[in-house]
Amino acid sequence: MMPTASAKNEEILLNQAQKRVIGDKQAEPYQARIASSVREAIRRGRSGAVLAPTGSGKSLLAAGAAEDAIDLGKPILVLHPDVSLLRQNFAQFQTVPRVRGAQTAFYVAKNEAIGDQPMVRNSLDADVIPATNMSLVNKLDDEGFLRSLDRFGKRGGVVLIDEGHKAAAEELARVLARIAHAGGSGIVLTATPFRTDGKDPLDAFGASIEHDLIDVATYDEVLATGRTVPTKFDIATGEFEAHLGTDAVRLIESAFLALLAENKSVDQASQQAFSRFFKEGASEGDKAIAALIVAAVGRIWAKHAATATLAMIHCDSVEFAKELSGYLAQESLPPGHPRGGEKPRVAFVVAGEIRVWRNGAEEGLGEGEPGGRKIKRDDLLDMARAGGFDILINVNALGVGTDVPQTDLNILACEERSIGPVKQISGRGERAHKASGKTHQVFVDVGNSILRIFSDIDAMRRNDPERCRRQVRGLAALIREQFEAWFDKDPSLRDQIEERQRQIRLRMGEGDSEQYDDPLDPTMEVGDEDSLPVPKPFAAGLMVTGMRRYDAETKKFSSRVALFCDLKEFGLYDEEAAPDLPRWLVATHDERTGAQQGFLCKTQDVARKYVAFVGIRHDGDYENASSTDKQRKFLASLQQARPLALPWLKDFAAPANSTQMAAAIDLLKDKARLLTQLLNVAALRLVERATGAHSLRPDLRSIVLDRPNQLTPQRRDLLAAYCRLRHRYADLYPYATGSRPTAFSVSTFDPSVLPEIKAIVANTNVRFFIIDNPETEEQLRPSLAEGLIKSSIVAVGPKGSSEQWIRQKAGFGRHDDAARAREQSFRAFLNELADGPSAKDQTLTITLVRSEYLEIAAATPGKELIRAMPSAVMGLLLLLGEESGEPLSGEQITLIKNAIGKNLPQATVPFLLPRLCARYAQKPVALQKKILKDLEKAAIFKKNRDAYLRARQPSSLAS
């Protein structure tokens, strides 16, 4: 059969499209195909997205779109996130005769000049309008500008949004909505077509970036043209963490997770995870961690520097980047580098500030120029492209549109980031560069970004969506395929992922070896030997030291005290205790700040250095001063007071100098309140090291043993030491505070528990419970859940903290980081809704006005309430209610009924915070998310209402 004329015409058009020339460049086959798809979208007024990897030539596609829009008689507004990308695209436009000769107008800042010709500014009546996003947003108060948006849309105008994933701000959305309403269309060009905030610039046009795809340039077809190079990954997180040490890593991680819950964005949390250690006024401990972070990144850079032409290091805070820049400027390029032994040429780049180091000294942009003169970003990048630098250190300034193709080493120096920023940062090194013979880029991750993204993508590939985060579950298949191809080009990546997962398991206590003490970090600033504190005898098994300091602000002296406990001499270890257990337990107190800390150390020397690290130093003059008769009499009276004559608190030492005397008095005065507090601080550190748990509450009330018969002897002995110390603390507590201490117990769900496990509580007031039937387990589940929420219950197994196991026992639905982040967000929203801080028993109250509590009273099961506050409070009542979907009759319902009967203007409803949080954690994920959404709406409403009432208050008082 002969082809029809129509078929022949289609074939001719297809061949022409595949051979398209745009300006002075022959389009690659995929570029020609995409250009044809974009032209058709412009012709039809269709809105959608073009997905094209970094380095695929989006500037050429933008120029082709401008040429086609002019040919089809439609104006085109080309939006850019910054002026640098606008310049890059405009240079490409100038190579296309049809675009170069068209009417062109610009929306840029007043001090920006584009091109060599006179510029027409701030007009939408041209054919081609290059603009930055903010330049349009800044015109929203101009009625003439708004009318010009209407005219642009009525002319069938096309908005081409380059790097569209960065263009969803609410103000810009108003611009786009105006154009869309008048009949315009929108097309997005991006390599990362998704946002963590859920917003979409194509919403205004009734389309979606992720699912209205006009065309896609696949990772493989771009790679095949030689325009880009593959990525080799180096997951350096284990190396980074090994340099920091376990405690620093856990501190950073816990802060990151707290920020994650607070900010609701992994990228926002990442931007603050390291910065706290670099801030002005940081503590000595934080400064030490900051120095470790910088040195670790420096060592990772040095490992790759010999074979790197240009390294980009991406930091998430300005303070961190400055410290790192100064540090690396003093390092030497390693052997094997063409300039081995010389100092690297370093540039620090943030928005509005660029600094340069050469030969270890700060300079201007040109070699030999003095520093201090303002350097332009484009000039710096030109010099980098000319080979003028070895390292560029960046804070959100070398992202989208940055084209320095020599870059072959990318280091992501931050905590976990989300999928979009990671891919954009990697894209800085994926552009090919024939002059340097670049065959690939090395992408180094010191956080867990690649691990999490790979795991999410791999879960989707294995059709297991529940094992990955929502953002990846929502991606269109074509977009996920880009990431699959990206990862698949490095055959070593899966092995690196598995090794990283093994490292995490080891750190979580699943390894073969255990460390129970606080190891001394060689980078800690503790001073020289002469400045180390010297503990003096206090009582049997206990030693003490301290110092006095004068505070110029308060014009008072304040004390710092350290209590040393020899665990064997103090009787907390029995004779058969494992010989390799840490021997010294230390607790410190700073009177001025109220800070108290505990450390478990193998030797007294290590313990002294920890005490010096927190600021308690040897003071020779104070040590040599003699105590007064008045002090000696006062201390004697304290030592003879009841009930200080305890069997374990005996043989008080006679102080030999003022240091010893003052520290002893500090411990025993006020009914031995400080001694009681420090014993509790020490006990808490002991149980943290014994269980592997962190952030436990001082009023810990239960330890639950998972697989108790498999506990290591060391862990068992440490738990026994904790129970004995807890018993002694309980002896002093009523005397010091006038109340009884929190009841404490050890329990297990294993009825076959061995006698040596029960012996953990021997000769103490601690009770041992065996929960050995389903009915008892079910009855205890609510209190178990509440205890976990309050961190007053901790589970420990053979390899440390058994958090996932105990969460399952408590009936919690999920056990991953996302679940914990949701739980923290839930608590945060409750605090925002509450009338004030929770009471001592952790009860909070929420006040409803009459119309709100009446709406709750009139609610029918299963029906959504209309307003934010009633909906949120009803959700809380249902959380505490029955599975049937009815609130339980109780205090809250009674209060609402009474308010109705008395026609009160307000009703204050109380809730027990731990119970609410526990019930929330037990609910399915979908319901948790719905509750969070309702609470967030109510919190916003309450905030706005409170602000309105405060604003009215002065006028009402005046009237």
Side-chain angles (χ1 to χ4, degrees), residues 533-551 554 556-567 570 572 584-600 607-608 610-612 614-617 619 622 627 630-646 648-655 657-686 697-700 725-742:
V534 181
K536 301 291 177 63
F538 170 68
L542 297 175
M543 305 182 80
V544 68
T545 190
M547 65 179 288
R548 281 280 194 272
R549 62 176 178 177
Y550 181 73
D551 189 329
T554 62
K556 292 181 180 179
F557 283 93
S558 62
S559 66
R560 289 174 176 169
V561 178
L563 180 68
F564 290 70
C565 174
D566 182 331
L567 291 162
F570 198 49
L572 300 186
W584 289 89
L585 185 59
V586 184
T588 64
H589 170 76
D590 187 323
E591 184 181 24
R592 186 172 70 86
T593 65
Q596 296 180 335
Q597 299 184 64
F599 308 98
L600 184 61
R608 290 170 63 209
Y610 266 105
V611 171
V614 299
I616 302 177
R617 305 296 176 93
D619 184 334
Y622 194 41
S627 52
K630 185 177 180 181
Q631 285 177 320
R632 284 191 288 271
K633 289 179 181 178
F634 182 48
L635 181 60
S637 68
L638 294 175
Q639 291 171 340
Q640 294 163 11
R642 294 287 178 182
L644 292 184
L646 293 164
W648 55 268
L649 190 59
K650 59 185 180 180
D651 299 331
F652 283 117
N657 56 34
S658 284
T659 303
Q660 195 176 0
M661 173 66 74
I665 290 174
D666 283 340
L667 288 174
L668 297 180
K669 68 182 180 182
D670 299 329
K671 297 186 176 180
R673 182 180 293 272
L674 182 57
L675 176 62
T676 307
Q677 289 176 349
L678 291 187
L679 287 176
N680 195 30
V681 169
L684 197 64
R685 187 57 179 164
L686 188 63
R697 287 176 59 89
D699 59 346
L700 185 71
L725 185 52
R726 176 96 186 198
H727 176 87
R728 295 181 180 185
Y729 161 75
D731 285 341
L732 277 178
Y733 189 86
Y735 176 67
T737 67
S739 58
R740 299 181 63 181
T742 307

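Not measured: the values here are computed from a predicted model.
With rounding to the nearest 0.5 Å, the separation of CZ in F570 from CG in L649 is 7.0 Å. Annotation: the span from R617 atom CZ to R608 atom CZ amounts to 12.0 Å, rounded to 0.5 Å. Between the CG atom in L679 and the CG atom in L686 there is a gap of 11.5 Å [rounded to 0.5 Å]. Residue L675 holds its CG atom at 11.5 Å from OH of Y729, rounded to the nearest 0.5 Å.
Q596 meets the side chain to side chain contact (heavy atoms under 4.5 Å, CB included) test with H589, L674, Q677, L678, V681; sequence neighbours excluded. For the ring-ring contact (aromatic ring centres under 6.0 Å, His included) test, no residue two or more places apart in sequence or in another chain qualifies with F564. With sequence neighbours left out, the side chain to side chain contact (heavy atoms under 4.5 Å, CB included) criterion links N657 to K536, E623, T659, Q660. Considering only residues two or more places apart in sequence or on other chains, A736 meets the side chain to side chain contact (heavy atoms under 4.5 Å, CB included) condition with T676. Applying the side chain to side chain contact (heavy atoms under 4.5 Å, CB included) rule to D619 yields the partners D621, Y622; only residues at least two apart in sequence or on another chain are considered.
Listed here is the closest heavy atom pair of Q631 and I665: O-CD1, 4.0 Å. In terms of heavy atoms, A730 sits closest to P734 at O-CD, 3.1 Å.
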Quiz prompt | Worked verdict on L700 versus R726 for side-chain contact (heavy atoms from CB on, under 4.5 Å) | solution = CA-CA 10 Å; L700 185 71; R726 176 96 186 198; 4.0 Å; yes
Quiz prompt | Evaluation steps, side-chain contact (heavy atoms from CB on, under 4.5 Å), between F538 and L668 | solution = CA-CA 11 Å; F538 170 68; L668 297 180; 3.9 Å; yes
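Using a 4.0 Å cut-off between charged nitrogen and carboxylate oxygen, R548 and D666 count as a salt-bridge pair.
Counting only heavy atoms from C-beta outward, the side chains of W584 and L567 never approach each other to under 4.5 Å. Between Y733 and N680, the closest side-chain pair of non-hydrogen atoms is not below 4.5 Å. Contact check for Y610 versus V586: no side-chain heavy atoms found under the 4.5 Å cut-off. Counting heavy atoms from C-beta on, the side chains of L725 and L585 come closer than 4.5 Å. The closest side-chain heavy-atom distance from R728 to W648 is below 4.5 Å. Using a 4.5 Å cut-off on side-chain heavy atoms (C-beta onward), P533 and M547 make no contact.
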Side-chain donor-acceptor contacts of residues 632-639 below 3.5 Å, not counting sequence neighbours, with atom names and distances?
residue : atom : partner : partner atom : Å
R632    : NH1  : S627    : O            : 2.9
R632    : NH1  : S627    : OG           : 3.3
R632    : NH2  : D629    : OD1          : 2.2
S637    : OG   : F634    : O            : 2.6

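Environment of NZ in K669: crowded, with over 12 heavy atoms of neighbouring residues, nucleotides or ligands closer than 6.0 Å.
Partner of R560 under the side chain to side chain donor-acceptor pair (under 3.5 Å) criterion, chosen from T588, D590, T545: D590.
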